[in-house]
Amino acid sequence: MADILQHLNKEQRDAVEAYEGPVMVIAGAGSGKTRVLTYRVAHLLNQGIDAFRILALTFTNKAAREMKERILKLVGDGNARNVWMGTFHSVFARVLRSEGHRLGFPSNFTIYDSDDSKRLIKTIIKENNLDDKVYMPNFVLGRISAAKTNLITAAEYNDSFEIKQQDTMSGKPLLGKLYQVYANRCRRASAMDFDDLLLFTYILLRDYDDVLVKYQRKFQYVLVDEYQDTNRVQYMILKKLVANDENICVVGDDAQSIYAFRGANIQNILNFKNDYPDAREFKLEQNYRSTKTIVKAANSIIVNNKDQIFKEIWTRNDEGDLVQVMKAGTDIEEGRMVANAIFEQKMNGQLPNDAFAILYRTNAQSRSIEEALRKLNIPYRIYGGLSFYNRKEIKDLLAYFRLTVNNKDEEALKRVINYPARGIGKTSLQKIIIAADQHNLTMWDVICDAGKYALQINSGTLTRISEFVTMIKSFSVQLKTHSAFDLAKLITSSSNIRKDLFNDKSPEGINRYENVEELLNAIKDFTENEREPDPGKDDGGEVSENANSIRTLDEFMQDVALLTDADSQDKNSGDKVTLMTIHAAKGLEFPHVFIVGIEENLFPSIQSLGSRQDLEEERRLFYVAITRAEKKLTLSYAETRYRWGNTTICEPSRFLEEIDPKYIDFPRKPVLRIHSEAKTTSAQMPVPMAHRKLKKIKKGIVPPEGNGGFENANSDKIQPGQQVEHSRFGKGKVLTVEGEGASKKAAIFFNAVGQKQLLLKYAKLKIL
DNA sequence: ACCGTATTCAGCGCG
DNA sequence: TGAATACGGT
């Protein structure tokens, strides 16, 4: 048992063995981060520490599940099952179910997903007769979310003179009011949004000593994965939880922080040592994933960032192939080149499809790639599209379940009161909402007693409303007496959802019907499977009070809001090429990786060019993308790209120049690559012509190509000793020139940014 | 109440 | 371009 540590290298072992006190592990890409976490938990268990006292927080549910499996394998006995493991949201949602009553929330509170939040905020904006061009729902939600993430409640938001002034100056003085109304509505509906799960947890720990003490005792050892992507409220929760023993271990990589745009605070990792002066820090710098070439290429990119913890990732793996760069005329051609390259590499290496991943910056880029793959009959799977739980039919059915569990859930009520159509239309609904507001009641209260509120709804509609209420009530009373599956089945039929979907015989309709069946199957599985031991019950927790009783629908609904596609996705995986955004690829690895669309204004994204921080986040994103590759990395860019219905001219990304050219294999001539397609398409001919024509049209929008004397045509003339000026790096001196033709490169020392290796083919240099 | 047409918008997305 | 929503006519 003790020799599990033999599987670890020195640094990993040190990090695992230092199990008391604050520890930070800076784990470079592919350095065995997950390994350290799993072994650390295993090690804690082997030290005799009670599994119920260990809390491991992960970034996704999937990561939690996988980690749990690995630990179970390592430790052997089932004890590891009792470790609290999950995302911040799922763990603290459970805490809130048992403690939330102190804040006025019942244990059956609903969790609003972002869709619910958006509908609600839209409703509120409309109710207040505000212009949704000024108060754009997404923007308003963003503000509210940011406030919650930074521990600012609605009351505090409205009390803050500074915030008020800021909002007034930006022409949106009513943001505070909207926040307040939104919060009131959530509360009235006994609902929390995702941010509330964290904010209320923090408030609970801050204001209720007994709660704080209870959970400090419960969570004696806390581990946090992907610490670089935690935000302020998560940070504060952790700080509260571990304040006594400081047995906290955070694992992360500042170089892979890619979620600052939604509030992740990279300072959490950079400041860890200030927060915990006794903290021990371990760096995992040996990469086990990628070839030397890939590791070094990645390093040469990330050094361009200023904000980072110094580390040097290295590997004992083979040198490997050079990073291949492909240049395409158009996005269509880029797709073809990638598909052809995969086809070739598959043949040459006898590789399965799932050895390949194609990563892109934006979802919109997947289309041209998909088409090309389809033409070559290469099976693929796209991640990040509409997830199962986001489908309309699933949400509709879940809304019935939600309303059954929590009658106050207004977003659910609005969703299903007239679906399937039962003649309770928009106007009637509006009247109900107004009455609810006037009497400060929930919509449910109003429709329960519809006669009482002088709604001015005609009697036929009133009858239908009362039938609806009766139906939902009949579901609610069966919650505790029927299994989740039985009740779900009943609801599906009694609500007429089953009939409604069954009658639709279009292919989409059939698909929807099947999806509903699939959800019911999932509930059946849930009903039949044993309940996980619930560590939420007081210490020990082995025997929960209902251990032998049936599993009910409200139990099922507790988990479902926090599930995502990841759960339903892996089972039907099969041998397919993976297509996903780089964000979605975090934490994954593939033998062969293609990163497409490496162009200025796309990657880095045009929105990131304004600030150094944003640009550095894009660079980290590129770093993450590169480090997904194990064996071979291929980068591609197109000279023109169809975007928003227009063809735009593209320049290769600055990131391409930043890669040390000695790791790059240069663009192949498109002619070589598309010959196999020559007979099936005529697209290659028009390309250059269309290209030229568009250049003229777009001249005003696209950065001038001449670039004020910054040409790359004069690469022949560049010689050591010359003073040159670069369009971005400024003035510098040429140190060496090597290579020939396309691979000709120069080492140049720039006054502003230091020494750079530049590929003269790309570099826009002016000789001074 | 419902359906077809006009308009708008377009970055990544954990829970 | 095309998806999602708002609007206006029946």
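The sequence lines fix the lettering, A, B, ..., with proteins before strands; numbering per chain opens at 1.
The listed nucleotides are B/dA1, B/dG13, B/dC14; the one nearest the side chain of A/T60 is B/dC14. Which of B/dC2, B/dA1, B/dG15 sits closest to the side chain of A/A421 comes down to B/dC2. Closest approach to the A/E618 side chain among C/dT1, B/dG11, B/dG13 is made by B/dG11 (side chain taken as heavy atoms from C-beta onward). Of the candidates B/dG15, B/dC12, B/dG11, B/dG11 carries the atom nearest the A/S605 side chain, counting heavy atoms from C-beta on. Side-chain atoms of A/K122 lie closest to C/dT5 of the nucleotides B/dC14, B/dC12, C/dT5. When distances are taken from the side chain of A/R367 to each of C/dT1, B/dC12, B/dC14, the shortest belongs to C/dT1. Distances from the side chain of A/F261 to the nucleotides B/dC12, B/dG11, B/dA1 place B/dC12 closest.
Across all strands shown, A/Y642 has heavy atoms under 4.0 Å from sugar-phosphate atoms exclusively, and none from any base. A/R361 comes within contact range of at least one nucleobase, with a heavy-atom separation under 4.0 Å.
For the pair A/I111 CD1 and B/dC14 P, the interatomic distance rounds to 16 Å; values are reported in whole Å. Put simply, OH on A/Y259 is 6 Å from C1' on B/dC14, counting in whole angstrom units. Distance CD1 (A/I382) to P (B/dG13): 12 Å, rounded to an integer number of Å. Rounded to whole Å, the distance from CZ on A/F603 to P on B/dG11 is 15 Å. The OH atom of A/Y623 sits 24 Å away from the P atom of B/dC12 (whole-angstrom rounding). For A/D195 and B/dG15, the CG to C1' distance is 9 Å, given to the nearest whole Å. In this structure, CD of A/E370 is placed 15 Å from C1' of C/dT1, rounded to the nearest angstrom. Whole-Å rounding puts the A/N138 CG to B/dC12 P distance at 12 Å.
Straight-line distance between the P atoms of C/dA4 and B/dG13: roughly 15 Å, to the nearest whole Å. Taking atom C1' in both B/dC14 and C/dA3, the straight-line distance is 24 Å, to the nearest Å.
The aromatic rings of A/F105 and A/F109 sit perpendicular, their planes meeting at an angle over 60°, well past the 30° parallel limit.
With salt bridges taken as basic N to acidic carboxylate O contacts below 4.0 Å, none links A/R367 and A/D331.
Judged as a side chain to side chain contact (heavy atoms under 4.5 Å, CB included), and not counting sequence neighbours, the contacts of A/T581 are A/Y360, A/N363, A/H583, A/A584. In this structure, the side chain to side chain contact (heavy atoms under 4.5 Å, CB included) partners of A/E467, at least two apart in sequence or on a different chain, are A/T463, A/R464.
In this structure, the separation between OG on A/S114 and CD1 on A/I121 is 13.0 Å, given to the nearest 0.5 Å.
In this model, the phosphate group of B/dC14 is not approached by any side-chain N or O of A/N231 to a distance below 4.0 Å at OP1 or OP2. Between A/N363 and B/dC12, a side-chain N or O to OP1/OP2 separation shorter than 4.0 Å is present.
Contact annotation: side chain of A/R262 to base of B/dC12, donor-acceptor pair absent below 3.5 Å.
Note that A/K392 lies in the cation-pi zone of A/Y419, set by a 6.0 Å cut-off to the ring centre and a 45° limit from the axis.
Residue order along DNA chain B, read from the 5' end via each residue's closest nucleotide, puts A/G425 first among A/G425 and A/S114. Each of A/N418 and A/Q607 was assigned the nucleotide of DNA chain B with the nearest heavy atom; the assignment lying further toward the 5' end belongs to A/N418.
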